[in-house]
There are 2 protein chains.
Amino acid sequence: MKVEEAIQILKNDGHKYTNKRRDIISLFVDEDKYITAKYIQEALKDDYTGLSFDTIYRNLYLFKDLNIIESTEIDGEMKFRIACQSHHHHHFICESCGTTKVIDFCPMDSIKQQLPNVEIASHKLEVYGKCEQCKTV
Amino acid sequence: MKVEEAIQILKNDGHKYTNKRRDIISLFVDEDKYITAKYIQEALKDDYTGLSFDTIYRNLYLFKDLNIIESTEIDGEMKFRIACQSHHHHHFICESCGTTKVIDFCPMDSIKQQLPNVEIASHKLEVYGKCEQCKTV
DNA sequence: ATACATGCAAACAATTTGCATATTA
DNA sequence: TAATATGCAAATTGTTTGCATGTAT
């Protein structure tokens with residue numbers, strides 16, 4: 001997703017366009033990987049007056065609601081990335097740097113056949129490891 | 001896994017066999033589903049003198065190390081279940097009661113082909129929803 | 001002008017640690 | 001008895017909330 005697009009979504013839903021929101025969204029677009037609230041705080045700490053965690057979290061949940069970002073939970077903390085707008089897919093996630101790679105495959109069709117009597121609400125498929133840059137050569 | 005087996009693993013690895021450990025392991029075997037530290041505390045609170053969270057956690061991590069239990073992280077908290085000793089598989093997990101169903105399928109073979117240059121360390125595939133008992137009829 | 005956004009400080013919940021005591025082998 | 005297990009109490013970490021103030025519309 002592009003920054004402009006995210007800002008449109010924000011405005012269309014009646015929210016205000018602030019510098020901090022723009023900065024957070026820009027950061028997501030620039031980084032294009034999973035990052036934590038702490039990462040955002042670090043990255044923007046010198047900018048203007050910095051950002052408090054409460055503001056970060058409030059915005060993260062807002063952006064999540066608006067489908068501007070997506071989230072996952074790894075090692076006890078939430079990580080967020082700019083939303084991928086292509087068709088449904090999954091991610092490889094680098095444990096070192098958070099970089100993602102698209103996994104263009106979803107096994108849910110086969111899996112649903114194995115679960116006839118349950119009501120499926122969601123699923124999580126993630127592959128973890130080291131990306132080219134982070135793996136020891 | 002059976003209770004006796006878990007106790008053998010514990011003893012063979014030089015740990016002591018205490019009533020609390022037996023109770024926790026029994027609970028895991030009886031419940032046969034994902035439960036939290038809090039659930040364990042509730043379940044065993046009237047037993048003898050109860051259990052403190054520090055003891056619960058210390059034992060959970062010990063059992064995890066010994067592969068007596070397996071864990072997953074859902075909604076910000078760790079959940080644990082008695083280890084499944086069959087071949088590699090995944091789980092459907094009921095969001096209401098923690099009951100699991102085996103998903104006898106793993107898509108990693110196809111996925112690995114899509115990730116040629118990375119070093120894969122692990123993966124997570126879980127399906128969430130409501131089991132027969134918990135889904136609204 | 002008014003509603004929404006932010007910061008501060010404090011609350012929270014799950015988990016972890018240090019240390020003294022109790023218990024198993 | 002010697003080593004490990006446990007409880008207590010307090011620290012830690014990630015996240016959330018109440019309230020007063022600041023800012024975009």
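Side chains are part of it too, since the values below use all heavy atoms of this structure and drop only hydrogens, waters and symmetry mates. Here is how names work: the chains are called A, B, and so on, in the same order as the sequence lines, proteins then strands, and each is numbered from 1.
- Whole-Å rounding puts the B:Ile56 CD1 to D:dT6 C1' distance at 12 Å.
- Sorted by first and then second residue, the ring pair (Phe, Tyr, Trp, His ring centres under 6.0 Å) pairs with a member in residues 101-135 of chain A read A:His88-A:His123, A:His90-A:His123; sequence neighbours excluded.
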Just distance, no hydrogens or angles: give the donor-acceptor pairs under 3.5 Å from side chains in residues 67-76 of chain A, sequence neighbours left out.
residue: A:Glu70; atom: OE2; partner: A:Cys84; partner atom: N; Å: 2.9
residue: A:Ser71; atom: OG; partner: A:Lys64; partner atom: NZ; Å: 2.8
residue: A:Thr72; atom: OG1; partner: A:Lys124; partner atom: NZ; Å: 2.9
residue: A:Thr72; atom: OG1; partner: A:Glu126; partner atom: OE1; Å: 3.2
residue: A:Thr72; atom: OG1; partner: A:Glu126; partner atom: OE2; Å: 2.6
residue: A:Glu73; atom: OE1; partner: B:Gly76; partner atom: N; Å: 3.3
residue: A:Glu73; atom: OE2; partner: B:Gly76; partner atom: N; Å: 2.6

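- Each of A:Arg58 and B:Asp54 lies near DNA chain C, and the nucleotide nearest A:Arg58 is the one positioned closer to the 5' end.
- Residue B:Ile24 is not grouped with residue B:Tyr34 when hydrophobic side chains (ILVMFWY) are merged at heavy-atom distances under 4.5 angstrom, including chains of intermediate members.
- A straight line from CD of A:Glu73 to P of C:dA14 spans 13 Å, rounded to a whole angstrom.
- Under 4.0 angstrom from either OP1 or OP2 of C:dG7 there lies at least one side-chain N or O belonging to A:Lys20.
- Atoms CG (B:Asp13) and C1' (D:dA5) sit 15 Å apart, rounded to a whole Å.
- Taking atom CG of residue A:Asp75 and atom P of nucleotide C:dT16, one finds them 11 Å apart after rounding to whole Å.
- Listed by chain and number, the residues in a side-chain hydrogen bond (donor to acceptor under 3.5 Å, both in side chains) with A:Asp104 are A:His87 (sequence neighbours excluded).
- In this structure, A:Asp65 places its CG atom 15 Å from P of C:dC4, rounding to the nearest Å.
- In this structure A:His15 satisfies the side-chain hydrogen bond (donor to acceptor under 3.5 Å, both in side chains) test together with A:Asp13, sequence neighbours excluded.
- The list of side-chain hydrogen bond (donor to acceptor under 3.5 Å, both in side chains) pairs with a residue in residues 107-117 of chain A, not counting sequence neighbours, is empty.
- For B:Ser52 and D:dG7, the shortest distance from a side-chain N or O to OP1 or OP2 is below 4.0 Å.
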Which pairs, protein N/O on one side and nucleotides 10-15 of chain D N/O on the other, fall under 3.5 Å?
residue: D:dT15; atom: OP1; partner: A:Met78; partner atom: N; Å: 2.8
residue: D:dT15; atom: OP2; partner: A:Tyr57; partner atom: OH; Å: 2.0
residue: D:dT15; atom: O5'; partner: A:Tyr57; partner atom: OH; Å: 3.0

Whether each nucleotide of nucleotides 20-25 of chain D has a protein heavy atom under 4.0 Å at its base (B), only at its sugar-phosphate (S) or at neither (-) is summarised, 5' to 3', as ----BS
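- Looking at residues two or more places apart in sequence or on another chain, you find a side-chain hydrogen bond (donor to acceptor under 3.5 Å, both in side chains) between A:Lys130 and A:Ser96.
- Inter-residue side-chain proximity for B:Ile7 and B:Lys11 is flagged as met; some heavy-atom pair is nearer than 4.5 Å.
- Rounded to whole Å, the distance from OH on B:Tyr39 to C1' on C:dA14 is 19 Å.
- Identified under the salt bridge (charged side-chain N to carboxylate O under 4.0 Å, His left out) test for residues 76-88 of chain B, with sequence neighbours left out: B:Asp32-B:Arg81.
- Here D:dT16 presents its C1' atom at 13 Å from CG of A:Leu60, a figure rounded to the nearest Å.
- In this entry the distance linking CD of A:Gln41 with P of D:dT16 reads 16 Å, nearest Å.
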